[in-house]
There are 2 protein chains.
Amino acid sequence: MPGGRNTKQKQHIISILKNADRPLSINEIYNKIIKHLPRIAKSTIYRNIDLLLENNLIEKFHLNDSEIFYRFKEHRNDHAHYIICNECKSVYNLPTCPIREIEASIEAEGFTIKEHQIQINGICKHCSTNM
Amino acid sequence: MPGGRNTKQKQHIISILKNADRPLSINEIYNKIIKHLPRIAKSTIYRNIDLLLENNLIEKFHLNDSEIFYRFKEHRNDHAHYIICNECKSVYNLPTCPIREIEASIEAEGFTIKEHQIQINGICKHCSTNM
DNA sequence: GTAAGTGCAAAATGTTTGCATTTCT
DNA sequence: AGAAATGCAAACATTTTGCACTTAC
């Protein structure tokens, strides 16, 4: 089991995130999980989320304003390049990494790039036809 | 005065942000401002920051992990395209917007882009020579 | 003068921690 | 058996709110 022991709490958290079609907040995870594990404590979710983050299995997002969401990574070295619908919060991947082209010129200036992220917000096709 | 009345609290907050060479957190603003206005309440800073955000004079960042920072906008329609040094937190602007080139293809898929942001983190020239 | 803004204290929110108990391995 | 994880309650940190007082206009 990645990131420690295989508890049913952790199983549920992973499966909830894996099956979600968009990033979830701690509360959303909690509200889903209590249906199956009514006695689970929120601190358990916080602790497991930390473990999963440390083990690079999930990633953290700041969507709208200050709300924090988590998403299961398909590939451990995914890096954040997303198109997010403000309505339904669906997350699409960017097909290419537009940073790659300008990376060289930035590094030429003496800046060492450690990570980068790109986020595009808007309204997806589906939501715009339903409005 | 943009965003309401011209109080000395607001004057100070604006001038602190204008003169900062990097984004500042609420606490950093507070610690600077109490030197001049010892009785200022943190809630006043929160309220003014909200006002300035609504009036599009400053913008909000999530730097490292969950720390929130604010920065004075040079131009009201600046959009976030930054290169940030993880060490000294200096913020540099990206010379070009690499999104522009892929915008058309995303919109062609039926997605309406509302806003986007790009953030590149790393170590700046100055900090890497001092290590 | 009056409405907006402030300071203060209290409340609400979100997250973390300590500890006794439970559960994996 | 032993270590790690859990549930619970309390602690913490951050942000928001209510209200009487002050200040800008």
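All figures in this text were calculated on a predicted structure; none of them were measured in a lab. Residue numbering restarts at 1 for every chain, and letters A, B, ... go by the order of the sequence lines.
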*Asks:* Going 5' to 3' along nucleotides 15-25 of chain D, which nucleotides have protein heavy atoms under 4.0 Å from the base (write B), which only from the sugar-phosphate (write S), and which from neither (write -)?
*Replies:* SBBB----BBS
*Asks:* Rounded to the nearest 0.5 Å, how far apart are CD1 of A:Ile13 and CD1 of A:Ile29?
*Replies:* 6.5 Å
*Asks:* Suppose the criterion is ring-ring contact (aromatic ring centres under 6.0 Å, His included): which pairs have a residue in residues 3-34 of chain B, not counting sequence neighbours?
*Replies:*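 Output for this query lists B:His12-B:His36.
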*Asks:* Starting from P on C:dT15, measure out to CD1 on A:Ile49 and report it in whole angstrom.
*Replies:* 11 Å
*Asks:* Over how many whole Å does the gap from B:Asn27 atom CG to D:dA13 atom C1' extend?
*Replies:* 10 Å
*Asks:* Using whole Å, report how far CD of B:Gln11 lies from P of C:dG5.
*Replies:* 14 Å
*Asks:* Which heavy atom of B:Ile113 sits nearest to which heavy atom of B:Glu107, and what is that distance?
*Replies:*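 Closest approach of B:Ile113 to B:Glu107, heavy atoms only: N-OE2, 2.8 Å.
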*Asks:* Where each residue is assigned the nucleotide of DNA chain C containing its nearest heavy atom, which of B:Arg39 and B:Lys10 is assigned the position nearer the 5′ end?
*Replies:* B:Lys10
*Asks:* Could you tell me how far apart B:His12 (NE2) and C:dG5 (C1') are, to the nearest whole angstrom?
*Replies:*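 Whole-Å distance recorded here is 16 Å.
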*Asks:* Would you kindly give the CG-to-C1' distance between A:Leu52 and D:dA4, to the nearest whole Å?
*Replies:*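 Distance, rounded to whole Å: 15 Å.
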*Asks:* When the distance from CD of A:Glu54 to P of D:dA4 is rounded to whole Å, what number comes out?
*Replies:* 14 Å
*Asks:* Is it true that the side chains of A:Asn48 and A:Gln9 contain a donor and an acceptor less than 3.5 Å apart?
*Replies:* no
*Asks:* Checking the side chain of B:Lys60 only, and the main-chain atoms of B:Phe69 only, is there a donor and an acceptor separated by less than 3.5 Å?
*Replies:* no
*Asks:* What heavy-atom pair brings B:Lys125 and A:Glu109 nearest, and what distance separates the two atoms?
*Replies:*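 That would be CD-O, 3.6 Å.
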*Asks:* Between B:Arg22 and B:Glu28, does any NZ, NE, NH1 or NH2 come within less than 4.0 Å of an OD or OE carboxylate oxygen?
*Replies:* yes
*Asks:* How large an angle, rounded to 10°, do the end axes of the helix from C:dG1-D:dC25 to C:dT25-D:dA1 enclose when each is built from five base pairs?
*Replies:* 40°
*Asks:* When you check the phosphate oxygens OP1 and OP2 of C:dG7, does a side-chain N or O of B:Gln9 lie under 4.0 Å from one of them?
*Replies:* yes
*Asks:* Does the B:Thr44 side chain pair with the main chain of B:Ile40, one donor and one acceptor, at a distance under 3.5 Å?
*Replies:* no
*Asks:* Separation of A:Glu67 atom CD from D:dT14 atom C1', in whole Å?
*Replies:* 16 Å
*Asks:* Are B:Tyr82 and B:Asn121 packed together at the side-chain level, in the sense that at least one heavy-atom pair is separated by less than 4.5 angstrom?
*Replies:*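 B:Tyr82 vs B:Asn121: side chains apart.
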*Asks:* Roughly how many Å is it from OH in A:Tyr30 to C1' in D:dG7, rounded to a whole number?
*Replies:*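 Between C1' of D:dG7 and OH of A:Tyr30: 10 Å.
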